[in-house]
Amino acid sequence: MILSLNPALDVEELARTYAAAGRLQIASFLSPDSAEWLATALETGTPWSFAYWGEDQQPHYVPLASIRAMSPQALQDLMTGLMDRSGQQYGFAYLNYRMISAYVGGQDVGHPLHMLTEFLNSPSFLRFVRTIVGDSDVRKVDGQATLFRPGDFLCRHDDSSVAGVDRVAAYTLGFTRRWRSDWGGQLAFHDEQGDIEQALVPRWNTLTLFKVPVSHSVIPVAPYAKAPRISVVGWLRKDL
């Protein structure tokens, strides 16, 4: 499989929209075959881990097999602590596949997400996003695959750059096949008063780009949601 963009995309028009609003969504982003191939891998062939924000204020990634092997009491204690911290400060809970560490570490050789990692860091894609965000210094694109189930969430944060990581923009590449707006899971942007100024429903084969830092969250997925919220997310970065 050779991954490719939708050839009908108007890059200059997309760049004007991004410059004016600081964010945009690009529907039908990948070619249909590319999107279908990656979505199938995400739905049926990805070794997910449970990602959450720990009491040490660091992200934790636990293979699903280890989560399933926990005693009911241990799992309850984990989730109780996570929910308490998230209500007081910051937190997240969702399924995750760390694309960059897996690629660099030689894990899951031949997995389609490795091809996506290469595609996102190819000269042609980097030229594409540099034009849209108006920054020729973008050097690389990192990424993680995510799957949100009922109850999963991502608390409000702003993606500010940290030491050694210079972020220009954040992106979400959606592979959610079907969604209802009352199922939650929206990518929500918050104003200075904490009100939600925009909330974007998960969509199929859609790239969302937005300038950082900006306050945003992922609204918890409703307990009655009947489909997974699947996406690849990360940042356009200027650091080496």
Side-chain angles (χ1 to χ4, degrees), residues 1-11 14-15 17-18 21-46 48 51 92 94-103 111-133 138 140-148 152 154 159 167-179 185-189 198-212 214 216-219 221 227-237:
M1 169 60 70
I2 298 176
L3 299 179
S4 60
L5 298 180
N6 176 356
L9 298 178
D10 185 336
V11 182
L14 294 172
T17 300
Y18 185 86
R23 67 181 73 120
L24 85 162
Q25 283 198 308
I26 307 173
S28 301
F29 178 67
L30 296 170
S31 68
D33 287 348
S34 297
E36 184 63 40
W37 187 67
L38 289 168
T40 298
L42 288 162
E43 292 165 343
T44 64
T46 298
W48 298 104
F92 58 79
Y94 51 81
L95 299 189
N96 163 280
Y97 181 80
R98 291 182 288 170
M99 292 166 51
I100 304 302
S101 60
Y103 182 86
H111 196 284
L113 288 177
H114 292 340
M115 187 174 291
L116 178 60
T117 295
E118 293 175 348
F119 174 75
L120 294 175
N121 287 278
S122 66
S124 60
F125 186 80
L126 288 173
R127 285 194 299 271
F128 176 83
V129 293
R130 285 168 184 156
T131 300
I132 292 177
V133 303
V138 172
K140 61 185 176 182
V141 180
D142 62 19
Q144 61 170 314
T146 68
L147 188 153
F148 283 65
D152 288 346
L154 172 60
D159 284 350
R167 297 165 178 161
V168 175
Y171 76 90
T172 297
L173 178 53
F175 293 99
T176 301
R177 293 186 185 274
R178 63 188 182 94
W179 202 258
Q186 289 92 345
L187 171 60
F189 296 94
Q198 186 178 24
L200 303 175
V201 171
R203 291 186 169 90
W204 167 254
N205 191 17
T206 296
L207 180 71
T208 303
L209 279 169
F210 56 96
K211 291 181 180 179
V212 295
V214 64
H216 63 285
S217 66
V218 174
I219 294 173
V221 175
R229 179 194 188 275
I230 301 176
S231 61
V232 170
V233 303
W235 297 280
L236 315 184
R237 292 168 49 176

Original post:
Would a 4.5 Å heavy-atom cut-off, applied to side chains only, mark Tyr171 and Val129 as touching?
Top reply: no
Subject >> Non-neighbouring partners of His216 that pass ring pair (Phe, Tyr, Trp, His ring centres under 6.0 Å), sequence neighbours left out >> reply: His157, Phe210
**OP:** Mind checking salt bridge (Lys or Arg N to Asp or Glu O under 4.0 Å) for Glu118 and listing every partner two or more places apart, or none if nothing turns up?
**Re:** none
Original post:
Going by heavy atoms in the side chains, are Leu113 and Leu42 under 4.5 Å from each other?
Top reply: yes
Subject >> Test item: side-chain donor near acceptor, Ser231 and Thr172, under 3.5 Å >> reply: no
Original post:
Do Gln186 and Val201 come close enough that some side-chain heavy atom pair is under 4.5 Å?
Top reply: yes
Original post:
Are Phe119 and Leu30 close enough that some pair of their side-chain heavy atoms sits under 4.5 Å apart?
Top reply: yes
Subject >> Worked verdict on Tyr18 versus Ile26 for side chain to side chain contact (heavy atoms under 4.5 Å, CB included) >> reply: CA-CA 11 Å; Tyr18 185 86; Ile26 307 173; over 6 Å; no
**OP:** Report yes if some heavy atom in the side chain of Asp159 is under 4.5 Å from a heavy atom in the side chain of Val214; otherwise report no.
**Re:** no
Original post:
For Arg177, what residues pass the salt bridge (Lys or Arg N to Asp or Glu O under 4.0 Å) criterion, not counting sequence neighbours?
Top reply: Glu36, Glu43
Original post:
Does some side-chain heavy atom of Leu5 sit less than 4.5 Å from a side-chain heavy atom of Phe29?
Top reply: yes
Original post:
Listed by chain and number, what are the ring pair (Phe, Tyr, Trp, His ring centres under 6.0 Å) partners of Trp37, not counting sequence neighbours?
Top reply: none
**OP:** For Tyr94, enumerate each residue passing the ring pair (Phe, Tyr, Trp, His ring centres under 6.0 Å) test, keeping only those at least two apart in sequence or located in another chain.
**Re:** Phe92, Phe148
Original post:
Do the non-hydrogen side-chain atoms of Leu38 and Leu3 ever get within less than 4.5 Å of each other?
Top reply: yes
**OP:** Sequence neighbours left out, what passes ring pair (Phe, Tyr, Trp, His ring centres under 6.0 Å) with Tyr97? Give chain and number order.
**Re:** His111
Original post:
Heavy-atom distance under 4.5 Å between the side chains of Phe175 and Thr40, does that happen here?
Top reply: no
Subject >> Leu154 and Thr146: CA distance, side-chain angles, deciding distance, side chain to side chain contact (heavy atoms under 4.5 Å, CB included) verdict >> reply: CA-CA 11 Å; Leu154 172 60; Thr146 68; over 6 Å; no
